[in-house]
Amino acid sequence: MSWTVFARRSGAIAVAVAVLMCAAGGTEVLATPLTPFRDEAQAQRHCPQDQVVWLDFRKGVYYGKRQRRYGQGFDGSFVCLSEARDSFYRRSLLGLR
């Protein structure tokens, strides 16, 4: 099999797979854009009906107010809890009892 025949066949297969995925209900899951704040009060004004959490970008987790690492570290920011959850960050279990 020559290279051009192989390239044509693999391209056709890729197109067929893409069409099948769209036809099978390939709904996209999009993350909510995060609005990070350096100050807790700013975050609370942004989302007055929601809880504010400290998001650690490097670890991919968030901390609540009662946790020891809340508001600590250089690689984090204050965000709304709903935005953190919608962006697939997970809750840290450190410091919870």
Measure the shortest side-chain to side-chain distance between [X] and [Y] over non-hydrogen atoms and say whether it is less than 4.5 angstrom.
| X | Y | value |
| --- | --- | --- |
| Asp75 | Asp56 | yes |
| Arg90 | Arg85 | no |
| Val53 | Val79 | yes |

Examine distances only and state if a side-chain atom of [X] and a backbone atom of [Y] form a donor-acceptor pair shorter than 3.5 Å.
| X | Y | value |
| --- | --- | --- |
| Trp54 | Gln72 | yes |
| Glu83 | Thr35 | yes |
| Ser92 | Leu94 | yes |
| Asp50 | Ser82 | yes |
| Gln44 | Cys47 | yes |

Just checking Arg38: does its CZ atom have more than 12 heavy atoms from other residues, nucleotides or ligands closer to it than 6.0 angstrom?
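It does: Arg38 CZ has more than 12 such atoms within range.
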Linked, directly or transitively: Leu81 and Phe57 (ILVMFWY side chains, under 4.5 Å):
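In one cluster: yes.
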Looking just at side-chain N and O atoms, do Tyr62 and Gln67 make a donor-acceptor pair shorter than 3.5 Å?
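The answer is no; no qualifying pair exists.
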Qualifying residues under side-chain hydrogen bond (donor to acceptor under 3.5 Å, both in side chains), relative to Asp39, sequence neighbours excluded:
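Scan of Asp39 (side-chain hydrogen bond (donor to acceptor under 3.5 Å, both in side chains), adjacent residues dropped) gives none.
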Can you sort out the partners of Lys59 under salt bridge (Lys or Arg N to Asp or Glu O under 4.0 Å), two or more places apart, ordered by chain and number?
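Here no residue qualifies.
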Mind checking whether Phe37 and His46 have parallel, tilted or perpendicular rings, split at 30° and 60°?
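Judged by the thresholds at 30° and 60°, the geometry between Phe37 and His46 is tilted.
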Using ring centroids (six-membered ring only for Trp), state whether Tyr70 and Phe78 fall under 6.0 Å.
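Yes, the ring centres sit under 6.0 Å apart.
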